[in-house]
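To start, the structure itself, in structure tokens.
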2 protein chains.
Amino acid sequence: MPVGQDAKRPRTRIQQRNRDLILGAALEVFSTHGFRGATLDQIATEAGLSKPNLLYYFPSKEAIHNELLSGLMDTWLDPMRALKSSGEPIGELLAYVDRKLEMSRLYPRESRLFANEIVQGAPRILEALKGDLKELVDEKVAVIRDWTKQGKIADVHPYHLIFSIWSLTQHYADFDVQVRAVLGDEEPYDAAPAYLREIFLKILTP
Amino acid sequence: MPVGQDAKRPRTRIQQRNRDLILGAALEVFSTHGFRGATLDQIATEAGLSKPNLLYYFPSKEAIHNELLSGLMDTWLDPMRALKSSGEPIGELLAYVDRKLEMSRLYPRESRLFANEIVQGAPRILEALKGDLKELVDEKVAVIRDWTKQGKIADVHPYHLIFSIWSLTQHYADFDVQVRAVLGDEEPYDAAPAYLREIFLKILTP
DNA sequence: CCTTCCTTTGACCGACTGGTCAAATACTGG
DNA sequence: CCAGTATTTGACCAGTCGGTCAAAGGAAGG
């Protein structure tokens with residue numbers, strides 16, 4: 001690890017650049033092969049650095065992966081955090097769906113990194129799921145339950161409603177190749193946002 | 001490869017048993033680590049056989065994986081094939097959702113094997129996706145379009161409707177750990193079937 | 001019993017894995 | 001320019017990877 005660095009912020013411009021290079025390359029490789037399937041040589045090549053140079057900036061393969069995941073968990077939940085209890089219920093939830101779908105469109109590699117981790121049993125982030133994630137979801141579920149009680153939205157199971165949103169939005173990032181393979185070249189690929197807005201409107205309308 | 005075997009059906013009872021052992025172990029290992037993350041030693045240990053013995057029944061690691069995938073593709077599409085154009089439209093589609101969800105419940109490892117493959121870019125089954133899968137989907141989409149034209153179901157995008165069904169049902173197998181982590185111990189895990197039936201009824205009702 | 005064929009395995013191979021290290025190189029402030 | 005620090009790398013290591021092979025063990029019919 002670089003000397004002038006106590007496990008956090010990079011100091012120099014060169015450190016910043018190389019850390020970014022490494023994390024970018026690692027995101028690419030981890031998201032396409034999973035943790036065990038990815039190799040340091042691949043990441044190094046992708047980053048345009050030598051393998052020992054990689055390990056000068058990060059102490060191990062797992063450290064790179066952890067850095068990606070913990071950095072991800074934060075921004076990944078932002079769309080949900082932005083769900084305000086004060087807003088108009090259906091509009092708030094549809095906006096959440098939009099944000100989540102936009103997230104999948106802009107950051108498909110991050111989505112697949114996460115998907116890989118979960119599908120493979122989430123050995124490295126299970127605690128975060130049971131902790132921070134569950135806490136945030138519980139909080140928003142309370143809001144949704146309130147809206148239901150007030151008759152503002154339909155009485156659907158709040159947890160499973162949230163799972164639906166995650167599932168449907170991330171599907172377009174995680175299963176992208178399948179979606180493209182099935183749609184072929186003629187069918188429009190970008191009908192997803194309108195479709196999702198339409199069905200969630202139906203689901204949520206009392 | 002066993003001598004009395006021309007690339008297909010096992011002959012003796014011992015071949016049958018060992019092939020089953022290997023494929024079962026391989027399913028377990030591949031579905032939790034992906035193709036590259038899985039090792040022959042792991043599979044051998046899981047199967048209770050030695051590694052050279054594994055390679056007596058299958059020529060390579062990839063051959064085992066291929067066998068699993070091609071065997072899977074077939075049964076995985078059965079629920080969709082069973083969707084009959086002659087039935088009552090909404091009932092047929094809801095029954096399809098049910099079958100698909102039941103599939104995820106009964107065969108989560110198969111679902112995760114498939115998910116792993118797709119998330120990682122489907123390098124080994126892309127052709128099957130563009131071929132058999134697309135063909136079957138196109139056929140069923142035609143049926144759905146017909147139902148829509150007759151006003152039997154709501155006018156929703158047929159391809160994306162199918163993606164929704166896949167996404168939502170498989171989510172409970174592929175993201176099982178996340179679902180369980182978020183639900184915790186108090187919330188009921190088995191509300192999914194009723195929830196899905198409810199929302200798809202809303203989506204499909206004209 | 002012996003022969004024949006199916007099955008299993010220990011020892012081994014070259015390639016690759018994550019990771020180390022000392023030495024070389026670039027960069028910085030004085 | 002120089003000293004000191006930050007960065008980079010070639011050579012290397014022990015362990016693991018997928019896969020081979022010759023030889024041993026097992027079953028079954030004659």
Side-chain angles (χ1 to χ4, degrees), chain A residues 1-23 25-30 32-69 120 123-124, chain B residues 1-23 25-30 32-69 120 123-124:
Chain A
M1 182 152 25
V3 180
Q5 181 181 355
D6 45 57
K8 277 294 151 202
R9 309 294 146 114
R11 307 271 161 174
T12 73
R13 228 153 284 143
I14 210 167
Q15 277 180 30
Q16 183 65 265
R17 179 179 59 91
N18 282 346
R19 278 179 59 93
D20 288 353
L21 274 174
I22 293 169
L23 289 175
L27 176 59
E28 182 69 30
V29 177
F30 280 134
T32 28
H33 296 290
F35 179 74
R36 291 198 40 178
T39 74
L40 287 179
D41 289 281
Q42 270 181 293
I43 299 173
T45 302
E46 181 86 19
L49 301 173
S50 68
K51 186 169 61 169
N53 205 3
L54 234 74
L55 294 161
Y56 172 70
Y57 290 99
F58 293 90
S60 70
K61 179 185 178 182
E62 192 154 15
I64 304 178
H65 195 251
N66 283 345
E67 181 91 2
L68 279 177
L69 279 182
Q120 302 188 1
R124 281 164 286 270
Chain B
M1 185 156 14
V3 180
Q5 182 181 355
D6 45 58
K8 276 295 151 201
R9 307 296 144 114
R11 307 271 162 175
T12 73
R13 230 152 282 143
I14 211 167
Q15 279 181 30
Q16 183 65 266
R17 180 180 58 88
N18 282 346
R19 279 179 58 94
D20 288 352
L21 274 174
I22 293 169
L23 289 175
L27 176 59
E28 182 69 29
V29 176
F30 280 134
T32 21
H33 296 291
F35 179 73
R36 290 199 41 176
T39 74
L40 286 179
D41 289 281
Q42 268 181 295
I43 299 173
T45 302
E46 181 86 19
L49 301 173
S50 68
K51 186 169 60 168
N53 204 4
L54 234 74
L55 293 161
Y56 172 70
Y57 290 100
F58 292 90
S60 69
K61 178 185 178 183
E62 194 155 15
I64 304 178
H65 195 251
N66 284 345
E67 182 90 2
L68 279 177
L69 279 183
Q120 302 188 359
R124 281 164 286 269

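Only a predicted model underlies this, so the values are computations on that prediction, with no experimental measurement involved. Note on naming: letters A, B, ... go to the chains in the order of the sequence lines (proteins, then strands), and numbering restarts at 1 for each one.
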query: Does some side-chain heavy atom of B:Arg19 sit less than 4.5 Å from a side-chain heavy atom of B:Glu67?
result: yes

message: Restricting to salt bridge (charged side-chain N to carboxylate O under 4.0 Å, His left out), what partner residues turn up for A:Arg124, sequence neighbours left out?
response: A:Glu117

task: Report the distance from atom CD of B:Gln15 to atom P of C:dC5, rounded to the nearest whole Å.
output: 15 Å

task: Measure from CG on B:Leu49 to P on C:dT8 and round the result to the nearest Å.
output: 7 Å

From CG (A:Asn18) to OH (A:Tyr57), nearest 0.5 Å: 4.0 Å

Distance, rounded to the nearest Å, where A:Leu54 contributes CG and C:dT20 contributes C1': 14 Å

query: In whole Å, what is the span from the CZ atom of B:Arg13 to the C1' atom of C:dC6?
result: 15 Å

Review item, nucleotides 16-23 of chain D N/O atoms under 3.5 Å of protein N/O:
| residue | atom | partner | partner atom | Å |
| --- | --- | --- | --- | --- |
| D:dC17 | OP2 | B:Asp41 | OD2 | 3.4 |
| D:dG18 | OP1 | B:Ala38 | O | 3.1 |
| D:dG18 | OP1 | B:Leu40 | N | 3.4 |
| D:dG18 | OP1 | B:Lys61 | NZ | 3.1 |
| D:dG18 | OP2 | B:Leu40 | N | 2.8 |
| D:dG18 | N7 | B:Lys51 | NZ | 2.9 |
| D:dG19 | OP2 | B:Lys61 | N | 2.7 |
| D:dG19 | O6 | B:Lys51 | NZ | 3.3 |

task: Look at the rings of A:Phe35 and A:Phe30 and say which category their plane angle falls in: under 30° parallel, 30 to 60° tilted, over 60° perpendicular.
output: parallel

- request: Nearest 0.5 Å please: distance from the CD1 atom of B:Ile22 over to the CG atom of B:Leu27.
  value: 13.5 Å

Side-chain donor-acceptor pairs of residues 45-54 of chain B under 3.5 Å, sequence neighbours excluded:
| residue | atom | partner | partner atom | Å |
| --- | --- | --- | --- | --- |
| B:Thr45 | OG1 | B:Asp41 | O | 2.9 |
| B:Ser50 | OG | B:Asn53 | N | 3.3 |

Rounded distance (Å) that lies between atom P of D:dA27 and atom CZ of B:Arg17: 11 Å

Contacts of type ring pair (Phe, Tyr, Trp, His ring centres under 6.0 Å), residue B:His33, not counting sequence neighbours: none

- line: Its contact letters, B for base, S for sugar-phosphate only and - for none at protein heavy atoms under 4.0 Å, make nucleotides 24-30 of chain C read -------

Closest non-hydrogen atom pair between B:Ala26 and B:Ile64, with its separation: CB-CG2, 3.5 Å

- line: Taken to the nearest whole Å, CZ/A:Arg19 to P/D:dA6 is 16 Å

message: Any side-chain N or O of B:Tyr56 below 4.0 angstrom from OP1/OP2 of C:dT7?
response: yes

message: I need the CG-P distance between B:Asn53 and D:dG25, as an integer number of Å.
response: 16 Å

query: What's the shortest heavy-atom distance between B:Pro123 and B:Gln120, and which atoms?
result: CD-O, 3.6 Å

